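Some notes on the structure that comes next.
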Amino acid sequence: MNVHEYQGKEILAQFGVGIQRGVVATTPDEAVAAAKQLTEETGTDWHVIKAQVHAGGRGKGGGVKLAKSLEEVAQISDDIIGMQLVTPQTTAEGKKVHQVLVAEDVYYPGDSEPKEFYISVLLNRATGRNMIMYSTEGGMDIETVAEQTPELIFTEEIDPTVGIIPFQARKVAFNLGLSGTAFKGMTKFVTALYKAYVGADAALFEINPVLKTSDDKIIAVDAKVTLDENALFRHPDFEAMRDIREENPTDVAAREVGLNYVALDGNVGCMVNGAGLAMATMDLIKQAGGDPANFLDVGGTADAARVEAAFRIILQDTKVKAILINIFGGIVRCDRVAQGIVDAYKNMGDAINVPIIVRLQGTNADIAKELIDASGLEVQSAILFQEAADKVQAVLQ
Ligand code: GDP
Ligand code: MN
């Protein structure tokens with residue numbers, strides 16, 4: 001799950017990572033109030049107004065602007081809130097901005113060369129260890145740095161049983177060319193950042209830029225934070241940070257009804273109970289020459305409402321040309337599932353405009369087949385797994 005910059009910074013601050021202070025605002029009035037509050041706390045009366053959307057490259061798209069007075073805070077916030085922000089990381093259509101982060105200006109006036117670094121924490125899947133990736137080339141697109149000057153990107157792997165050790169934090173500060181107060185500040189920053197990554201059960205932290213201010217403070221100016229969905233149950237306060245306006249509507253709909261759904265590129269929609277059977281079904285579709293459009297595990301309670309929800313989610317994908325329903329009736333009875341399919345099909349009428357192949361096996365499978373065959377619906381039923389996959393291929397020809 002991705003969170004906004006302002007939420008990512010809240011998480012960092014909870015773990016003692018230095019951040020550029022800011023307050024989120026949804027209207028220009030709130031932005032002005034936020035700016036006044038920040039001026040009281042920090043003493044600076046310049047502020048940056050930053051669009052809060054789940055996409056980077058906002059600066060390039062005009063979503064990050066400096067305000068040198070309260071009038072400018074109001075004006076810039078008014079311009080940014082409600083705008084359709086297009087950045088190198090959004091589609092051409094862009095993302096609608098619902099809120100801005102009003103932050104203290106940390107590139108102090110007269111600061112001739114603030115130093116920007118890049119630091120991220122992520123899992124190295126090849127070694128199965130977390131690593132800190134960092135570079136002197138902050139503020140830039142890291143992919144560009146990787147392409148043009150790969151020697152300027154460093155990595156530091158962390159032993160999971162030991163955690164980050166002081167030597168490693170010092171090595172990061174050293175490779176970033178720091179000394180004195182800034183060196184000490186960076187070792188503290190990196191150590192806290194790594195502990196935050198582990199403590200928050202994060203999947204990615206990308207801080208670009210990390211800033212060394214002219215008075216040698218080390219702070220996170222930006223924060224891209226991705227949390228591990230599977231660990232959210234341990235962090236109810238993070239779950240509350242979810243902003244569904246930023247998420248794919250199909251994924252949101254699936255989560256709301258408790259379906260495990262992952263969109264893929266093919267054209268055969270799959271509705272299956274159990275993750276293992278879902279994987280096997282996708283394999284079989286592939287083997288028969290097709291391509292699954294999704295992974296969908298309807299779970300143990302495939303009643304009419306759930307089957308209907310699953311149909312609707314699968315059909316939101318316009319690439320889908322056939323649907324294969326493969327249910328094993330172990331705990332759930334096949335006739336109940338069949339009734340669910342028939343009801344959903346009748347309820348949805350013309351909304352279901354692709355052929356459906358159903359394979360129901362297990363408890364009451366014979367009654368289920370009768371129910372489907374007698375329903376008069378254009379649903380083909382299959383008994384054998386292979387038969388189902390072949391029927392799918394046949395309707396696609
Ligand atoms: P991104 O473009 O989405 O990655 O957003 P960032 O938060 O990284 O901001 C983009 C750029 O805005 C940064 O690289 C900085 O150069 C600039 N910026 C951010 N905060 C401040 C600030 O407090 N003062 C000034 N003058 N510029 C800032
Ligand atoms: Mn950035």
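Because the structure is a prediction, the values reported are computed rather than measured. Whatever order the structure lists them in is the order used to number ligands and atoms, beginning at 1.
- Around the Mn ion (ligand 2), the protein atoms of type N, O or S found under 2.8 Å away are Asn208 O, Asp222 OD2, listed by chain and number.
- Ordered by chain and residue number, the residues placing a heavy atom less than 4.0 Å from ligand 1 are Gln20, Val48, Lys50, Gly56, Gly57, Arg58, Gly59, Val64, Glu104, Asp105, Val106, Tyr107, Glu116, Asn208, Pro209, Val221, Asp222.
- A continuous path of hydrophobic side-chain contacts links Val358 to Met348 [ILVMFWY only; heavy atoms under 4.5 Å].
- Asp283 and Gln287 share no donor-acceptor pair across their side chains, judged by distance under 3.5 Å alone.
- Side-chain N/O atoms of Gln20 and Tyr107 include no donor and acceptor closer than 3.5 Å.
- Under the 3.5 Å distance criterion, with hydrogens and angles disregarded, a donor-acceptor pair is assigned to the side chains of Thr161 and Asp159.
- A salt bridge does not link Arg255 with Asp251: every distance from a Lys NZ or Arg NE/NH1/NH2 to an Asp or Glu carboxylate oxygen is 4.0 Å or more.
- Screening residues 178-199 for side-chain hydrogen bond (donor to acceptor under 3.5 Å, both in side chains) gives Asn130-Tyr194 as the qualifying pairs, with residues at least two apart or on separate chains.
- Applying the ring pair (Phe, Tyr, Trp, His ring centres under 6.0 Å) test to residues at least two apart or on different chains, the pairs with a partner in residues 137-164 are Tyr134-Phe154.
- In terms of heavy atoms, Ile81 sits closest to His98 at CG2-O, 4.1 Å.
- Minimum heavy-atom separation, Lys50 to Glu5: NZ-OE2, 2.7 Å.
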